[in-house]
Asker: 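Let me give you the structure first, and then I'll get to my questions.
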Amino acid sequence: MGDALKKSYALAWLLMLACAGFGVAWGLYGRAYVRRRFFAAPAIPESARTESQFVAILIPRVRPRSQKYALSSAELAKLLGGLKASGHVTIGLDDVEGFYSRGRLLPPKALLIAFSENDPRGYALSDRALKRFGMRGVAFIRRTAEEAGDEHRQHLTRHAISQMRLGGGWEFGWAAEPAPAAASAAGEGRALLDTDGLPRPLRHPELYPLRFAASEMGLNDALDDPRALRMLALRPERAPEENVLIVGKTWPRAAELSDDFRADGVGTDWIAGWGVVSMRHRRLALLPTPRHTSAGVFLRGTEKWRDATVEFVLKRYQKEFWAYARLRDEGGFVRIGARDGFWYVEQKAGPSLPVNMLARAPIAEGSLPASVRFVLKGGSVLVYINGRMQFGRALRLSPSVDRGRVFLGVYDGRARSSLAVLTSVRAAPLGDVWITTRSDLRREFDEGRLEALRDEAVYARALSPRWITVSSDGGVLVSETQGVLVRSMAGFYACRLVPAADAGELASAVLSREDGAARLSAGLAAAVRTLNASGLNLRLRGDQAGRPETLAFLARLRDGLHAQRAELWVTLDEGGSPPPALSRAADGVLRPSGKRRQSLELLEDIRSSAAAGPAPATVSLQPRSARQTVIRAQWEPAKTK
Amino acid sequence: MNPQTQAHNEPETIRANPPAGVRERRQRVRVSERFPVTVVSAGGLFRSVTLTGEAKDYDSSGVCVHVPRPLAVGTEVRIRLHLSKSIAPAFRGLPCEFRGRVAAVRKQKAKGSTACELVLQWDRLLPEMVSKAVASYQRKIAVLIALVLATLIGAKWQSLEFFWYAPVFYVYSLSLGLYLVSRFYISWRHRAPVLGTYTPTVSIVISVRNEEHAITRTVETCFETDYPSDRREVLVINDGSTDGTLRVLKDLQKRFPQLQVFSQPPTGKRAAMAAGVLNATGEIITFVDSDTFLFRDALRHIVCGFEDPTLGASAGYTEVENANTNALTGLQEVRYYVSFRLLKASEGLYGCVTCCPGCLSAYRRKYVLDVLQPWLHQRFLGAEATFGDDRSLTNFILSKYRVIYNDLAVASTLVPETWGQYLRQQVRWKKSWLRETLIAASFMYKKHPVAALSFYAASVFSVVSPAMAARVVYQAAHGEPSIFLPYMLGLVLIGFLQSLYFLHRRPSPHWLLGMLWMASALLITGPQTYYALLTVRKNHWGTR
């Protein structure tokens, strides 16, 4: 009787309120905190950020069990596990944004994993897999549940989005341009994804500094427009292991591809573009589908190739067959092909420019099957047909045709009338190989040595003859032996001419003295000037390289050479990694590759031999800050609302 | 047998030297009641005979049936009938089939007619067979209820998968489901107070205004209760009736001299009830509406429990008298049943009934006197509170004492027969609910936590649910139907569950109208909550 609150009731209320409070706290913060604290992807230290490219992949729908057009959760786990085991490191949109806006580098094998579905269950399953492997994901959604007006079973709610973001494992973008008011619902997600690969016009393009398009390719680097990035759409019908392989091959191909089509079916190295692409019975056949006029196939991992060698054996063709290199989406390319009984070499410098012919040669009767090889080196292309160099020289290319993928295709104005059959294809990026000599070139070049020089010069970036001698007291002597031969070889095979100077005998006392170093530096610069070379290749012993006086000397020498628009390269005679200071003091560091042919010695660029992909053809003379300016220029800051 | 029925039937005259079966029958109470019966003789599909007739009278051992032609004595038969009110009032209308045999045949005297009376003997005693039939029927309905419950729980379980995506929505959805399902369990645990020997003095107070057609029977049933007449008084307060109510009351006073009639100017029901309380002398005040008819044992049951001084009030169970008038009244029969047997019983388990209905409720007079003045002069938002008198008085008592529910104290009442009357009644009830819920919220937390939590939850649901329904309908109308189907499925399941609950205890065809009630609650009476909120200060008398 009465209206007093019983003690037991009060305790019960306290317990209920405590549970409710805990539930609220858990729902608002707790779950996200646990996710972030215990399951987040590890942070990437700044020291590990050394690369300027990344691969973006798009994962289809995820469902508990296998379904058409969807990955099962087990398959997703296998896929992510395989990607992690192969060394991929996940990044987020913030990393991509930082890369393009501030030049902040990315870790090696940086991978952006994207999902584009609306079903919350799919995200729950994906989150489980991402948590398990400590990876991050990016969700591109069409709209939120509040916008859709549904009962939260078909779209993510704003609460879910904020929790997923708070948990540290997810970022958000849009798969369709949202209403401006709704844009903030996903935390001002500023990335857009065109899931069908076709960029649609946007109402407010300035709000989206990052834009992806789903495609068969997913590699992006610093020179790509952040509003035209690619995302590799993984196919659910492929096994997870195959998809892991495909992602691995999306990175710039460093190894040679040699395919004689023994295995039936279009393998993971190729991307069937359109038309009929048949790889079986040891040949590749390209044939348009009915009502279409062309067919083509891309070589995976070649989007960023600059210098490369492409060889193929053309057995038969009808109408037009073309082998493209440095093919870009914007419309530039260089191509070699067969049409109307002639071999043609053509280039297209830009999207609005016409195709211009560089050279042509008749196809000799009975010469098919023909082995065709073209070597792209810097601004030139060398063409060999059936082992013989064509056109008598390297063909000059437009500077805007600088990089792109390898593509094979057929075409004709009439539907289904073109055809090409190839029996083998070989492609490889061009390494950074230099040719030098261990001794001077006083002796006559015999046929064997000449043959060796020709063979190696095709693929070499530079010829580095020993024309400069440095005495122990710092004296410089220039002796241009076999100058005509070497210079003509350099011109013919589009190699740079960078004479070598062996400073192995140089006494360290010379460099210790100011006047000695100055005199030597001036002498070497004058030698380069005299020889009218594009640089100097200074050969040092390993023990010389790390000394402070050597580094100071090299810096002085480099400045002197830069003043006359020449470069300084250093060859270290002993193996191992060069000290970092040496890499900063010179424009490049070489080392003997161990290969010798006749009296020729092949050197390799230490940077490209260690890198996963091809290095730029030339070392940029622009300072690093200017290079970052190039990147930043492509980034237009989003306008404030 | 229902003792009430016994009192309404006179035993038949018995002949001398009756046949053996009839002699045995004379030893049991015989009930004269006519109801249709079908008699099917045994003999397989092609040899059996089906006779449609009418029962004349019955007892626990057999029945006398008038049929068009005779059957041989000793023939095994199956007797198909619908349980009448006298056989099983709670399960009237339940179709049953009992086995028996022909004990005797009485031929009609008319020449050329083959019609006769068959005396059929049940295989077992009638109460036993009825119990078995009812149990079998209830088992079948219970299976359906279990299936629906399982479907509902399964649907809600699926919600758990999406819980963290929209926790506010799913807390609402899951707690609503839990609330509704828990009512079944809690009400199942409810037990009415045990009928003992406690017989306090009882004053029946009836407030009446313009009820000349119904008041007679109301007063009659009050005097026909089996409560000791020396411990019962009946007071009628005429609140300024303008029809013949006063004349009827005067006539009733001639029949029932103990009837006390008080007249007052039209002041309102609350004032009439207060006048009744002031003029009453009994320890327990029983309020009865002027269109409500007490069951014979209602008074004895409703005073159970008042030995406990912590008990302040008791609510009885009210049936719908005019349930068969039309669909609306049938709908209200289901609604009353569910509301009393499910919701009020759940409240009653914890002594926290929030509304003792004006139809039949009992209060300890001493406690009512303590709150009479504040209750009489209650104001809300500056306006005088003239409706929701029963809920308001319950709140005053509940704030300090226990208020229970007794489903053995039964009365029947007349409900609105037109939609206009019904909707006006619902608006009035909504207004009183709004007002009194706010008041009760200030002290309900002191009650049992389960009851308190249920109260607060129900209050929130009542306000939020109509808005949720409107949102769903709006979204469906604007091309986003994905939420509509699951929502409707949930509503249909809940409505089905409540209808089956009614059907489980009452095999009436009105059970389907429970679904109509859900629909009307969703579309009409639910949104009335907001109308009531806006017009809560408008007050007037009037029930129909």
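As the structure is a prediction and not an experimental result, all values here were calculated from the model.
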Asker: Where does B:L453 contact chain A at under 4.5 Å (heavy atoms): side chain, backbone, both or neither?
Answerer: both
Asker: Specify the closest pair of heavy atoms between A:W13 and B:Y445, including all atoms of both residues, with the distance to one decimal.
Answerer: NE1-O, 2.8 Å
Asker: Please determine whether the number of non-hydrogen atoms from other residues, nucleotides or ligands lying under 6.0 Å from atom OH of A:Y29 exceeds 12.
Answerer: no
Asker: Filter on side chain to side chain donor-acceptor pair (under 3.5 Å), then keep only pairs touching residues 173-186 of chain B, sequence neighbours left out; what's left?
Answerer: B:K156-B:S173, B:R183-B:S454
Asker: Within residues 67-79 of chain A, which residues come under 4.5 Å of chain B, heavy atom to heavy atom?
Answerer: none
Asker: So which residue, B:P167, B:G312, B:A452, ends up with the most heavy-atom pairs under 4.5 Å with chain A?
Answerer: B:P167
Asker: Would you mind checking which part of A:A10 comes under 4.5 Å of any heavy atom in chain B, side chain (CB onward), backbone (N, CA, C, O), both or neither?
Answerer: neither
